[in-house]
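These notes concern the structure reproduced below.
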Protein chains: 2
Amino acid sequence: MDERVDKSAARRAELAGATLKTLSELGYARTSLREIAQNSDFSHGVLHYYFRDKVDLITHCVREYKAVCVTRYDQVVATATTPAQLQAGFLDKLAQTLVEEPHMHRLWYDLRNQSMFEESFRADVAAIDASLERMVWRVVSRFAELLDTPPRVSSATMYALFDGLFQQALLRQLAGDPDAAADLQAAVTSVVAQVVPLEREPVAG
Amino acid sequence: MDERVDKSAARRAELAGATLKTLSELGYARTSLREIAQNSDFSHGVLHYYFRDKVDLITHCVREYKAVCVTRYDQVVATATTPAQLQAGFLDKLAQTLVEEPHMHRLWYDLRNQSMFEESFRADVAAIDASLERMVWRVVSRFAELLDTPPRVSSATMYALFDGLFQQALLRQLAGDPDAAADLQAAVTSVVAQVVPLEREPVAG
DNA sequence: GGAAAAGCTTGACAGTCGTCAAGACACGGG
DNA sequence: CCCGTGTCTTGACGACTGTCAAGCTTTTCC
């Protein structure tokens, strides 16, 4: 019986993978079940054998997506012993994922946007957003710890800032701008210098 | 003859309005020409009388959208004579548009996202993004001028930061979070305090 | 007033969509 | 061997899509 559910879970994961691939290539608006099936080894009918409907399938995908993303910087956080090391490692991975996986990232932004229109996605999307926020905060708070300076903005704000920078960089990367990654690194460096600064006078006002 | 083109332009604008409304309600993925026509006084066939195809129609809409948005804060910039006035006016308008026009904003994010997948939208979207960046920069640079302190980040970075904050707030607003607007104002205030600070020691490193 | 032009509607076309029922295939236990 | 069960394919359904041609209505102009 365990074997049965394992098999079933594996197949679901396989189909979820094909779905993620399709979504990342075509975007939500043009992703159809038949197109997904063509990115897998099966026919379009099997999708309704493993998933209730299209929303169920995509929801499952979104959850799977989360697992991959959320640990991206954990290794860097775990091994870095100086602020400079941590910053360099983070910037490296940031640029790397921007250049190597832009399709995966646009898929995420597409789904998050879809959640603005379709309530069925909202809960899962919000959960992933929260996970990503924690991921970013692990990096930033560790950085602050190594610097012995508390961050000057909240976790939620910090995430929004990084997300905005990354999204602009992604737009440029997908438009073919060769400087997108380098400029992202520079911008992040500049912003971090402001919000997790070396010791300085407190801001008045 | 001028009268002809005026009439034609007016009708195009009218249909573009119906398109914007439909897009803001349903999102790009579920917006069809028949649905657009139902949001106007005409039948679906007329869309092909005034626009070559769907892409042409939506592209035209996007350009129209730009005109409305881009002057949102100009009045505030023109009238404010102190930093506090400018900041308060900006935060007011920011919260107001978040609460009153969330559908229009999700439409913009949806189309910008679509441009990650469809090259046909890319140029127009990039142009609007640049316009919005200039809009934000007019506010920030004026603020810095009134404070007699240069901003510590570039125009592009500043826009990305605001955009990230606004997008997070929009997600929360659309999910029904009653604190979305207030938290956005607080976050923007906090960030501005970091990147356009009152005089302080330069950041080392 | 009547013809020409512009504006708009209607209906059809070839596709595609999500969904699902019917049946084919594999496979292990009687 | 056959039967039952889990797995997968096939083909069909009604609905919906963008597009466009044919024709209707209104306006314009002589």
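Values below: all heavy atoms of this structure, side chains included; hydrogens, waters and symmetry mates excluded. Keep in mind the model is a prediction, meaning the values are calculated, not measured. Chain naming here is simple, since letters A, B, ... match the order of the sequence lines and numbering starts at 1 in each.
- A donor-acceptor pair under 3.5 Å is absent between the side-chain atoms of T149(A) and the main chain of E145(A), judged by distance alone.
- R30(A) contributes no side-chain N or O that forms a donor-acceptor pair with the base of dT17(D) under 3.5 Å.
- Separating the NE2 atom of H48(B) from the C1' atom of dC13(C) is a distance of 13 Å, rounded to the nearest angstrom.
- Following rounding to the nearest Å, R52(B) (CZ) and dG18(D) (P) show an atom-to-atom distance of 16 Å.
- By the neighbour-count criterion of 12 heavy atoms within 6.0 Å, atom CD of E14(B) is densely surrounded, having more than that number from other residues, nucleotides or ligands.
- In this structure, L33(A) atom CG and dC13(D) atom P are separated by 20 Å, rounded to whole Å.
- To the nearest angstrom, C1' of dC17(C) lies 14 Å from CG of D53(A).
- A side-chain donor-acceptor contact under 3.5 Å links Q85(B) to the backbone of T81(B).
- Taking atom CG of residue L47(A) and atom P of nucleotide dT9(D), one finds them 10 Å apart after rounding to whole Å.
- The separation between R34(B) atom CZ and dT16(C) atom C1' is 13 Å, rounded to whole Å.
- Contact annotation: S32(A) reaches the phosphate of dC17(C) (side-chain N/O to OP1 or OP2, under 4.0 Å).
- Contacts between residues 113-120 of chain A and DNA chain C, defined by a heavy-atom separation below 4.0 Å, involve no residue at all.
- Among the heavy atoms of the strands lying under 4.0 Å from T31(A) are primed sugar atoms or P, OP1, OP2 only; no base atom is included.
- If you take OH of Y28(B) and C1' of dT17(D), they are 12 Å apart, rounded to a whole angstrom.
- If G45(A) and E35(A) are placed on DNA chain C by their nearest nucleotide, the residue sitting closer to the 5' end is E35(A).
- Under the 3.5 Å distance criterion, with hydrogens and angles disregarded, no donor-acceptor pair is assigned to the side chains of Q114(B) and N113(A).
- Here Y49(A) lies in heavy-atom contact (under 4.0 Å) with a base.
- We find that CZ of F42(A) is positioned 7 Å from P of dT9(D), with the value rounded to whole Å.
- Aromatic ring orientation, Y28(A) versus F121(A): perpendicular (interplanar angle above 60°, classes split at 30° and 60°).
- Residue Y50(B) is classed as a sugar-phosphate contact, given heavy-atom separations below 4.0 Å to backbone atoms only.
- Residue K93(A) places its NZ atom among 12 or fewer non-hydrogen atoms of other residues, nucleotides or ligands, all under 6.0 Å distant.
- A donor-acceptor pair is defined here as one N or O able to donate and one able to accept, closer than 3.5 Å; such a pair exists between the side chain of R106(A) and the backbone of M116(B).
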